[in-house]
Protein chains: 2
Amino acid sequence: MTKCESINYPSIEDIIFKLRYGIKNRRNILIVSNCLVNYKGRASSKLSEGERIIILKPDGSALIHRPKDYPPVNWQPPGSLFRVKTTNQNVVVRVFRKKENEVLEIELLEVILLAILDLKDNGEFNLFASEKDMQEAILLQPSLIEEKFRPITSERHVLPGFIDILGYDKDGRLTVIEIKRKKATKQNVLQLKKYIDSLNVEEKRNIRGILVAPELGKGSQELLLSLGYESRIISPQECSAILNKQKTNTKIDYFFKK
Amino acid sequence: MTKCESINYPSIEDIIFKLRYGIKNRRNILIVSNCLVNYKGRASSKLSEGERIIILKPDGSALIHRPKDYPPVNWQPPGSLFRVKTTNQNVVVRVFRKKENEVLEIELLEVILLAILDLKDNGEFNLFASEKDMQEAILLQPSLIEEKFRPITSERHVLPGFIDILGYDKDGRLTVIEIKRKKATKQNVLQLKKYIDSLNVEEKRNIRGILVAPELGKGSQELLLSLGYESRIISPQECSAILNKQKTNTKIDYFFKK
DNA sequence: TAATAAATGTCGTTT
DNA sequence: AAACGACGTTTATTA
């Protein structure tokens with residue numbers, strides 16, 4: 001079996017055979033077809049006739065893409081089961097997801113292109129400038145918050161829960177830091193408040209709250225002030241740069257040690 | 001030009017020519033290829049070598065799918081610009097989005113399948129059992145809330161902001177309704193509270209708050225009680241059924257009138 | 001399993 | 001352009 005077996009305008013028999021083969025052997029399947037789609041589960045939907053691109057993945061995820069738009073018009077997350085049957089003399093792919101008891105049915109009216117793919121992908125994916133990167137950068141260089149800021153939560157989550165960073169300021173005041181990778185909203189300030197409130201410390205007034213974000217939204221700024229919290233304007237990109245620099249330094253250290 | 005021009009293992013010259021042709025003529029483009037992907041924008045990412053499915057749409061959206069997972073590993077929303085160039089003797093597709101100043105670059109190391117598609121899709125898509133359907137069902141049949149409930153806001157955004165439904169109960173008490181299509185959270189109760197607080201009415205205690213949802217989460221129930229609000233357990237599916245019935249009745253009415 | 005928050009979230013709507 | 005909330009959100013993490 002080759003890496004890619006593709007057919008233009010396959011016969012019904014071919015479609016059924018290839019689909020079943022591909023599903024059974026955990027191949028990626030690509031279908032370009034005029035089709036009808038019905039979905040029923042948490043909601044329900046009907047999509048009338050049209051030509052779309054369909055992807056079936058061996059992990060049980062399914063995607064139906066119209067000629068435009070970023071999101072799939074219909075889909076099924078991983079863990080779904082594929083079944084190929086015939087209805088009205090057409091091939092129907094049924095994608096069933098037990099977890100939510102959801103069914104997606106794709107009736108293939110005319111298959112334009114069918115490809116059974118045996119893809120090899122062991123590539124490594126790395127994302128930078130995520131919220132987690134911001135957290136790590138601050139832990140690595142606490143002066144981003146202010147001089148002599150000392151995080152408590154370093155490697156392990158010393159205090160469990162959802163607090164991004166907990167620490168002490170130069171005067172020993174307990175400080176809660178909430179990090180956002182995009183413009184902060186009022187909701188984010190409330191989140192910070194919630195965490196501070198959740199700390200079972202008697203003198204809550206003595207706890208500092210700092211919201212870290214690349215920008216403050218209108219509502220957030222007011223609320224921040226009224227609650228007596230602070231903010232630090234820091235972008236995810238600069239945090240990423242700090243981490244990169246650190247890695248480079250580690251490498252150089254290693255080089256000289258050798 | 002046919003609806004689907006597909007080639008297995010095209011030459012570099014073919015790839016460049018077909019891609020440029022497809023982009024220029026606003027075709028959908030399907031590429032199965034061993035590739036490298038770099039993204040830089042709001043965040044940044046690197047994806048090392050591997051075989052993936054790539055979709056380029058004429059509206060400027062791009063999707064890169066690995067052999068597994070529901071979401072694309074890299075992407076670009078609509079409005080992006082495609083450019084085809086060569087680097088390291090490989091074809092590179094550059095997808096630039098001005099709005100966020102984001103760049104996605106896909107280096108094609110070995111194209112397994114390339115298809116230029118001229119898809120026709122005028123199909124109608126209908127989604128049922130959305131939150132909007134729930135809203136409409138309640139407006140159509142206010143007794144879902146309680147007997148003699150009278151909605152004021154028939155359209156939307158008639159009053160302050162984002163209140164789903166505003167109305168009067170049988171005793172003329174102002175009532176704010178917040179609708180959720182899935183299990184209600186604490187956050188949802190706070191949302192309801194916010195809307196009630198935002199109503200500049202003197203006697204806020206006299207306003208009723210009702211959270212409509214198919215189920216109540218743990219935290220939400222407690223908070224609901226402590227704030228003195230109420231709830232109605234209603235599923236999006238039953239609301240959808242109510243709307244369907246209404247439509248059927250309208251059709252029957254029309255039939256008899258004729 | 002339920003709850004909670006992140007996401008390059010995206011997308012629509014209203015101010 | 002900014003704010004706000006829905007989404008069949010999905011996904012990962014934690015209690």
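Just so we're clear, the structure is a prediction, and the values are computed from it rather than from any experiment. By convention in this document, chain letters (A, B, ...) are assigned in the order of the sequence lines, proteins followed by strands, and residues within each chain are numbered from 1.
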Within this structure, what is the [atom1]-[atom2] distance for the pair [X] and [Y], rounded to the nearest 0.5 Å?
X	Y	atom1	atom2	value
A/Q237	B/S44	CD	OG	7.5 Å
A/Q141	A/F149	CD	CZ	13.0 Å
B/E105	B/L36	CD	CG	11.0 Å
B/D121	A/H65	CG	NE2	13.0 Å

Ignoring backbone atoms, establish whether [X] has a side-chain N or O less than 4.0 Å from OP1 or OP2 of [N].
X	N	value
A/Y195	C/dA5	yes
B/W75	C/dG9	no
A/K194	C/dT4	no
B/R97	C/dT8	no

Report the distance from atom [atom1] of [X] to atom [atom2] of [N], rounded to the nearest whole Å.
X	N	atom1	atom2	result
B/E100	C/dT10	CD	P	7 Å
B/Q187	D/dT9	CD	C1'	17 Å
B/D133	D/dA6	CG	P	15 Å
B/K99	C/dC11	NZ	C1'	9 Å
A/N188	C/dT4	CG	P	17 Å
A/F162	C/dA2	CZ	C1'	11 Å
A/I179	C/dA6	CD1	C1'	12 Å
B/K46	C/dT8	NZ	P	17 Å

Any strand, both distances under 3.5 Å, Watson-Crick or G-U wobble: D/dG5 pairs with C/dC11
Where the side chain of [X] is defined as all heavy atoms beyond and including C-beta, which of [options] is the nearest nucleotide?
X	options	result
A/P77	D/dA6, C/dG9, D/dT11	D/dT11
B/K180	C/dA7, D/dT10, D/dA6	D/dA6
A/Q191	D/dG8, C/dA6, D/dG5	C/dA6
B/K182	D/dC7, D/dT10, C/dT8	D/dT10
B/P78	D/dC7, C/dC11, D/dA6	C/dC11
B/K218	C/dT4, C/dT8, C/dA3	C/dA3

Modelled atom types, side-chain donor and acceptor of B/T87 and B/N90, under 3.5 Å: no
Does B/P71 or A/K186 map to a spot on DNA chain D nearer the 5' end, using the closest nucleotide for each? A/K186
Earlier contact from the 5' end, DNA chain D, for A/L216 and A/Q76: A/L216
Single hit among B/R232, B/K183, B/K180 for salt bridge (Lys or Arg N to Asp or Glu O under 4.0 Å) with B/E215: B/K183
Between C/dA5 and D/dG8 - P atom distance, rounded Å: 23 Å
Using the P atom as the point on both nucleotides, what is the distance between C/dT8 and C/dT4, in whole Å? 23 Å
Could you check whether [X] gets within reach of a base, just the sugar-phosphate, or nothing at all, counting any heavy atom under 4.0 Å?
X	value
A/T185	nothing
B/G217	sugar-phosphate
B/F128	nothing
A/E178	sugar-phosphate

Checking only heavy atoms, does the side chain of B/D69 share a donor-acceptor pair with the base of D/dT11 at less than 3.5 Å? no
Side chain B/E131 and base D/dG5 donor-acceptor under 3.5 Å: no
Give a yes or no on whether A/Y168 atom OH has more than 12 heavy-atom contacts from other residues, nucleotides or ligands under 6.0 Å away. no
Classify the ring geometry of A/W75 against B/Y70: parallel below 30°, tilted from 30° to 60°, perpendicular beyond 60°. tilted
Which of residues 29-44 of chain B sit near DNA chain C, with a heavy atom under 4.0 Å from it? B/Y39, B/R42, B/A43
Do B/K194 and B/E178 meet the salt-bridge criterion of a basic N to acidic O distance under 4.0 Å? no
Specify the residue among B/V73 and B/E215 whose closest nucleotide of DNA chain C lies further upstream toward the 5′ end. B/E215
